[in-house]
Amino acid sequence: MDKTYQPGAIEQHWYQTWEQNGYFQPGGSGDPYCIMIPPPNVTGSLHMGHGFNNAVMDCLIRWRRMQGHNTLWQMGTDHAGIATQMVVERQLGAQGVTRHDLGREKFLEKIWEWKAQSGGAITGQLRRLGSSLDWSRERFTMDPGLSNAVREVFVRLHEEGLIYRGKRLVNWDPVLHTAISDLEVENIDTRGHLWHFRYPLVDGAQTLDGRDYLVVATTRPETMLGDTAVAVHPQDERYRDLIGKTVRLPLVGREIPVIADDYVDPAFGSGCVKITPAHDFNDYAVGKRHNLPLVNVLTSDAKIRAQAEAFDWQGALAMDVDTHLPEAYRGDDRLEARAKIVADLEALGLVEKIEPHALKVPQGDRSGAVVEPFLTDQWYVRVAPLAKTAIAAVESGAIRFVPQQYENMYFAWMRDLQDWCISRQLWWGHRIPAWYDNAGNVYVGRDEAEVRRKHQLAPDIALHQDEDVLDTWFSSALWTFSTLGWPEDTPELRTFHPTSVLVTGFDIIFFWVARMIMMTMHFIKDQGGSPQVPFKTVYVHGLVRDSEGQKMSKSKGNVLDPLDIVDGIGLEELIAKRTSGMMQPKLADQIAKRTRREFPEGIAAHGTDALRFTFLWLASTGRDIKFDLGRLEGNRNFCNKIWNAARYVLMNAEGQDCGAGEDAEFQLSLADRWIISRLQRAEREITEALEGFRFDHAAQALYEFVWSDYCDWYLELSKPVLWDEAASEALKAGTRRTLVRVLEALLRLAHPFMPFLSEEIWQRVKTLAGKAGDTLMLQPWPEANAGRIDSDAEADIAWIQRVILGVRNIRGEMNIAPGRKLPVYLRGGDATDRARLEANRGFLQRLANLEAIHWLDTGADAPVSATALAGQLEIHVPMAGLIDRDAELARLDRETRKLEQEISRLEGKLSNTKFVDNAPPEVVDREREKAAVATDALHRLAAQRERIARLGS
RNA sequence: GGGUGGUUAGCUCAGUUGGGAGAGCGACGGCCUUACAAGCCGUAGGUCACAGGUUCGACCCCUGUACCACCCACCA
């Protein structure tokens, strides 16, 4: 074995071996255990969030697989409609071509080409992370099978009246030219203005204070072109008499009514609100109540139309509305139009005032464009009935969120859910299975033939399919069952559904998790006909942030590719990667500067195992992760520690009697029994932590057991045995046996966290440990055996540790060279101390580097010494020639001060009668015992101090 | 406006039936001791955000405040 751990040398080899041998496929004989991967964008690439997410899933899957479960980790990718289409459009754009130049068919060919070309990137990266996904069952949301499921769901929901088509206000992205759902809109805090305009009253009407106009305030002046009313509050005395009168819309000239509606807050502004039903969601609701016409003044590019369109609430053109628009704004973008309109109104003396005003501007999360409320025909899912079942599933505990606080978020959103707009005016995605005849009738069916059959349409009636595609999340919502073969009744569906746990970030709870629950429970029933949940547990993890706590994003230039941490990357290359494709050179400079500051020497190769272990250690509940290179490096060192521990074990065990055979003769030492006992505790702790999704606790328990117990103590304790020529062969065999078997067990414990390293080493130790098998992946998970917890051995070793620590403390504090062998006198101990000394003299001498240990009965004279205490036992290191008197006095004073503080705290407590009377007796006893021990120690140190102080004076 | 989470050592974070405040990294001192200098040994460092309350006893439970982060929401 190499002297240091070289991750690059082993990782790829083992992954190929595992995959080629089919170890990732289901196979265990135990209960099914299934995780569905949140499908990454097929053309995307891995970021730190994926790295984290997959480390968690792979840890769970490998653990459960070792436990013997019939384990499936379903692989698949998502077509990611908007995101993918945008990438390809941008590529075409660079050549000066638009998708419209190509036409739909050719454009889709281009996307499929792009998918074929780049679609392997992320799957390759997932392999590098060690993810034990079942690649043989890989799916893609636009596969024939999954597309079939999508059509089936759409048709059935439509038949049940849960999908409908309607003309409504939607969030319209004027850059992408598509509707988007509420969730895809981000409201950005913006400093804008509140414009107060005067709308002249018609026919000489006047306000109470004698004005011949009403003042309305708006943040969006340009929409006034589409106003169809001015609303006041019905109880507002100021305007009561004006209700039913009209005002003349400036610039346009239309007469619009003054209406009364509770929506208006009389205390805000003038108490009058302009109503634009076609361009504002609130106004839309008001308009509907009052049957106002909807006047659309914008094109799909968010420019002012040549002529407005007016609709009634049946979606028909309203012929009686004047749709004339002023010539001056035609074709202007809304912001240009806004400026002109304000200027024109100002010229007419109709601007009352302009105030600064903070508002939220809606922005498309993909394009960044300002989203317009826009009147279009779209398809919707009626969610209320679906939500009801989905809420009940979480209320009843059929689905559990970890951490639980996310259930509140889920409930709050689900209980106030608007219908889901599922149609998108894109080309890349599942085409909506609806057909139109020339009369405008709509027919929904699985295909055109079915539509014709079902509606008995003659062959000569022309049909054309709806041009739109479905929201990507529509197909994602079916993920848990579409990947298992639904609508067919497959063995996989029966075996693995409901799945066990969903591992995901909180950011897609609404996009994905909630919709999966709704769709799954509607379509998948158990044998009794009750709705089946898609998963029993949702484990929600936080975001991976950079070292400053910033969200990682391409535009900030702080993204990290997990593989750059695995393989390492030079500074210049990292900068080049982060600044590539930057539009603004200035930004690129900043990013370069920042990157130089954060990674002055680039990033060293740390290996997959160290990265995964770091993610898992940092995966505490309900908290984002600030990614910390120091932590990563520490864990890389941990990998090296395991590697070198294995080297030591192999050097001492290979070719030697390791007590493996049936009739092997071996004897277990105290240290052997101790480490076996500690192993049981570690096994229990790690298993319990995993059961509770506490990967951080599991990782820490593993780390501590391996480093502190196994390496720091046990390996050191094994040396005196193995190197002692006088030790019996049976004892040596027992030690070798324990070294090897505990190592083998801890490799199994480590495997879900560090699959590559553990497998590599396991292959070398398995035979020595009496194990057989082709892979660690399929070895049984270690189960703690309470019968092997040995409290006596633990107490004995704790005693040894205390004595050694006492000597080491003196040595360290007094600057005595570690190589110098010391004599030590033990005094004041009882029979147990003496027995422990005699049984473990060799261990003490070796680990504390002592030349001799002398036992003194209580009261006997000890040489002038530096002294440490192990309980009542005094450890004396003679000072002659070694120890400076003043230094030792100072050290004793420090120890004394600590003891005095503790005693004073304890005495205070014990002299408080309320404490003594009220606290449980065992608590009081414990405090008394502590006080007695500390007082005894204090007395001994005081006597010692006095003796040394007398020396020099 | 409503809601959630956070505030513990210089940094990153653990710490639930309320009863001695921990880890990693960093710092300081000493060591190439035959597994590991990606290491070993030792040491220092914290009125657990703040203010009240409950309790014999609070990092932990309750109330309030401050600051940070996030989610949701129709105030023109």
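Proteins get letters first, then strands, A, B, ... in listed order; numbering begins at 1 in each. Values below: every heavy atom of this structure, side chains too, minus hydrogens, waters and symmetry copies. Since we're looking at a predicted model, the values are computed, not measured.
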Base, sugar-phosphate, or nothing for [X], non-hydrogen atoms under 4.0 angstrom?
X	answer
A:His357	sugar-phosphate
A:Arg811	nothing
A:Phe281	nothing
A:Asp917	nothing
A:Ala919	base
A:Arg820	nothing
A:Trp707	sugar-phosphate
A:Pro403	nothing
A:Cys272	nothing
A:Arg220	nothing
A:Lys551	nothing
A:Glu716	base
A:Arg808	sugar-phosphate
A:Asn809	sugar-phosphate

Give the rounded distance in Å between these two atoms: [atom1] of [X] and [atom2] of [N].
X	N	atom1	atom2	result
A:Tyr284	B:rC74	OH	P	16 Å
A:Lys719	B:rC36	NZ	P	8 Å
A:Asn912	B:rG57	CG	P	8 Å
A:Leu717	B:rA35	CG	P	15 Å

> Name the one of A:Phe693, A:Tyr406, A:Tyr410 that satisfies ring pair (Phe, Tyr, Trp, His ring centres under 6.0 Å) with A:Phe401?
Replying inline: A:Tyr410
> Is the Lys NZ or Arg CZ of A:Lys719 less than 6.0 Å from the centre of A:Tyr648's six-membered ring, within 45° of the axis?
Replying inline: yes
Taking the same atom, [atom1], in [N] and in [M], what whole-Å distance lies between them?
N	M	atom1	answer
B:rG57	B:rA66	P	29 Å
B:rA35	B:rC40	P	13 Å
B:rA51	B:rU16	C1'	25 Å
B:rG26	B:rC32	C1'	23 Å

>> In terms of relative ring orientation, are A:Phe627 and A:Phe615 parallel, tilted or perpendicular, with 30° and 60° separating the classes?
In response: tilted
> According to the interplanar angle, ranging from 0 to 90°, do the rings of A:Trp617 and A:Tyr703 count as parallel (below 30°), tilted (30 to 60°) or perpendicular (above 60°)?
Replying inline: perpendicular
>> Counting distance alone, no hydrogens or angles: does the base of B:rC36 have a donor or acceptor under 3.5 Å from a partner atom on the side chain of A:Lys3?
In response: no
> Looking just at side-chain N and O atoms, do A:Glu184 and A:Ser181 make a donor-acceptor pair shorter than 3.5 Å?
Replying inline: yes
From the list [options], which nucleotide is the closest neighbour of the side chain of [X]?
X	options	answer
A:Asn815	B:rG19, B:rG29, B:rC41	B:rG29
A:Val273	B:rA38, B:rA76, B:rG42	B:rA76
A:Lys626	B:rA35, B:rC13, B:rG19	B:rC13
A:Asp696	B:rC56, B:rA35, B:rA14	B:rA14
A:Tyr263	B:rC74, B:rG19, B:rU34	B:rC74
A:Lys641	B:rC74, B:rA35, B:rA14	B:rA35
A:Arg545	B:rG20, B:rA76, B:rC70	B:rC70

Under-4.0 Å salt bridge between [X] and [Y]:
X	Y	answer
A:Arg891	A:Glu888	yes
A:Asp546	A:Lys626	no
A:Glu548	A:Arg597	yes

> Can you check whether A:Ser620 has a side-chain N or O nearer than 4.0 Å to OP1 or OP2 of B:rA14?
Replying inline: yes
>> Check this one for me: any side-chain N or O of A:Asn637 less than 4.0 Å away from OP1 or OP2 of B:rG39?
In response: yes
> Mapping A:Lys909 and A:Ser547 onto RNA chain B by nearest heavy atom, which one lands closer to the 5' end?
Replying inline: A:Ser547
> 5'-most contact on RNA chain B: A:Asp624 or A:Lys274, nearest heavy atom basis?
Replying inline: A:Asp624
> Is the A:Tyr539-A:Phe695 ring centre distance short of 6.0 angstrom?
Replying inline: yes
> Reading RNA chain B 5' to 3', how would its secondary structure be written in dot-bracket notation, given Watson-Crick and G-U pairs with both distances under 3.5 Å, brackets [ ] for crossing pairs and | for partners on other strands?
Replying inline: (((((((..((((.....[..)))).(((((.......))))).....(((((..]....))))))))))))....
> Name the one of A:Arg338, A:Arg220, A:Glu355 that satisfies side-chain contact (heavy atoms from CB on, under 4.5 Å) with A:Trp195?
Replying inline: A:Arg338
